[in-house]
Amino acid sequence: MAGRAQIPTSNSALIAMIADEDTVTGFLLAGVGNVDLRRKTNYLIVDSKTTVKAIEDAFKEFTSKEDIAIVLISQYVANMIRFLVDRYNKPVPAILEIPSKDHPYDPTHDSVLSRVRYLFSAESVASGRR
């Protein structure tokens, strides 16, 4: 195995999570979790006591960190801060809305899916197809 190239850890990217305890626990068991030197985690567990301000702050922190490539957010949590999610337009980190155990996925509220629909409808109008 001496010839195998090592993946540099300084260039690796993380996945951040903003979701309920069960969803975050599942991803942590899969190896997504990280704690940096300042004891900051790459996830926020949202429960009934979590304030919208705390969710907003976590979203802003995760989307501004350079070592995060994807932010997974439960759709019902994203609905609490929909104005921030819809306003976010950078390609990295990518924002992906996921379902949770207690709240099923609703494609009408997904910001990524609505952008894709808009692009395809604008493209089909521009090309004369429908």
Side-chain angles (χ1 to χ4, degrees):
M1 298 225 191
R4 183 174 268 187
Q6 293 291 326
I7 299 172
T9 56
S10 62
N11 293 334
S12 63
L14 300 172
I15 297 175
M17 294 273 317
I18 304 174
D20 60 282
E21 185 174 14
D22 291 340
T23 304
V24 171
T25 300
F27 278 93
L28 291 177
L29 289 171
V32 170
N34 185 58
V35 180
D36 65 12
L37 295 174
R38 294 172 295 156
R39 309 285 298 159
K40 290 280 207 171
T41 60
N42 65 328
Y43 58 88
L44 173 69
I45 296 175
V46 178
D47 58 13
S48 60
K49 298 176 194 144
T50 308
T51 64
V52 174
K53 175 81 169 113
I55 298 169
E56 290 175 11
D57 291 344
F59 182 84
K60 289 175 185 175
E61 177 186 349
F62 294 153
T63 54
S64 64
K65 290 178 75 172
E66 292 183 11
D67 62 342
I68 293 181
I70 300 171
V71 176
L72 298 176
I73 184 168
S74 290
Q75 191 175 49
Y76 83 96
V77 175
N79 288 336
M80 294 180 196
I81 58 166
R82 179 59 59 196
F83 63 97
L84 281 177
V85 174
D86 287 344
R87 194 171 64 200
Y88 183 80
N89 60 4
K90 296 178 184 173
V92 176
I95 308 300
L96 298 176
E97 295 180 30
I98 60 173
S100 67
K101 182 173 75 171
D102 298 327
H103 301 89
Y105 175 75
D106 183 4
T108 60
H109 290 114
D110 191 334
S111 61
V112 173
L113 187 59
S114 65
R115 289 178 188 161
V116 169
R117 282 188 185 141
Y118 173 77
L119 288 173
F120 278 113
S121 65
E123 183 179 293
S124 64
V125 169
S127 67
R129 293 178 296 180
R130 267 255 158 173

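Keep in mind that what you see is a predicted model, and the values were worked out from it rather than measured. Only heavy atoms go into these numbers, but all of them, side chains included; no hydrogens, no water, no symmetry mates.
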Next item on the list: Taking the side chain as every heavy atom from C-beta outward, state whether Met17 and Ile45 have any pair of such atoms under 4.5 Å apart.
Entry: no
Show the atom names and distances, to 0.1 Å, of all donor-acceptor pairs under 3.5 Å that link a side chain in residues 32-39 to residues at least two apart or in another chain.
residue: Asp36; atom: OD1; partner: Arg38; partner atom: N; Å: 3.1
residue: Asp36; atom: OD1; partner: Arg39; partner atom: N; Å: 3.2
residue: Asp36; atom: OD1; partner: Lys40; partner atom: N; Å: 2.8
residue: Asp36; atom: OD2; partner: Arg38; partner atom: NH2; Å: 3.4

Note to self: Return the CG to CG distance between Leu72 and Leu96, rounded to the nearest 0.5 Å.
What the structure shows: 5.5 Å
Next item on the list: Any chance you could measure Ile81, atom CD1, to Asp86, atom CG, to the nearest 0.5 Å?
Entry: 10.0 Å
Next item on the list: Indicate, with yes or no, if Val85 and Phe83 share a hydrophobic cluster defined by side-chain heavy-atom contacts under 4.5 Å among Ile, Leu, Val, Met, Phe, Trp and Tyr.
Entry: yes
Item checked: Any donor-acceptor N/O pair, Tyr88 side chain to Pro93 backbone, under 3.5 Å -> yes
Item checked: Polar contact flag, side-chain donor to acceptor under 3.5 angstrom, Asp20-Thr23 -> yes
Check: Can you name the residues that form a salt bridge (Lys or Arg N to Asp or Glu O under 4.0 Å) with Lys90, not counting sequence neighbours?
Finding: none
Check: Roughly how far, to the nearest 0.5 Å, is the CD1 atom of Ile68 from the CG atom of Asn42?
Finding: 6.0 Å
Margin query: Run the side chain to side chain donor-acceptor pair (under 3.5 Å) test on Thr50 and Asp47 for me, step by step, so that the C-alpha distance in whole Å, both residues' side-chain angles and the decisive distance to 0.1 Å come before the verdict.
Written below: CA-CA 5 Å; Thr50 308; Asp47 58 13; 2.9 Å; yes
If you look only at distance, which donor and acceptor atoms sit under 3.5 Å apart when one is on a side chain in residues 51-62 and the other is two or more places apart or in another chain?
residue: Thr51; atom: OG1; partner: Ala54; partner atom: N; Å: 3.1
residue: Lys53; atom: NZ; partner: Asp57; partner atom: OD1; Å: 3.0

Check: Is Thr41 reaching over with its side chain to a backbone N or O of Tyr43, donor-acceptor style, under 3.5 angstrom?
Finding: yes
Item checked: Interatomic distance, Asp22 atom CG to Lys101 atom NZ [nearest 0.5 angstrom] -> 4.0 Å
Next item on the list: Measure the spacing between CE of Met80 and CD1 of Ile18 and express it to the nearest 0.5 Å.
Entry: 11.0 Å
Note to self: As an exercise, state the distance from OG of Ser74 to CG of Leu44, rounded to the nearest 0.5 Å.
What the structure shows: 10.5 Å
Note to self: When you group the ILVMFWY residues by side-chain heavy-atom contacts below 4.5 Å and let the links chain together, are Ile95 and Tyr76 in the same group?
What the structure shows: yes
Checklist line | Val71 with Phe27, same ILVMFWY side-chain cluster at under 4.5 Å | finding: no
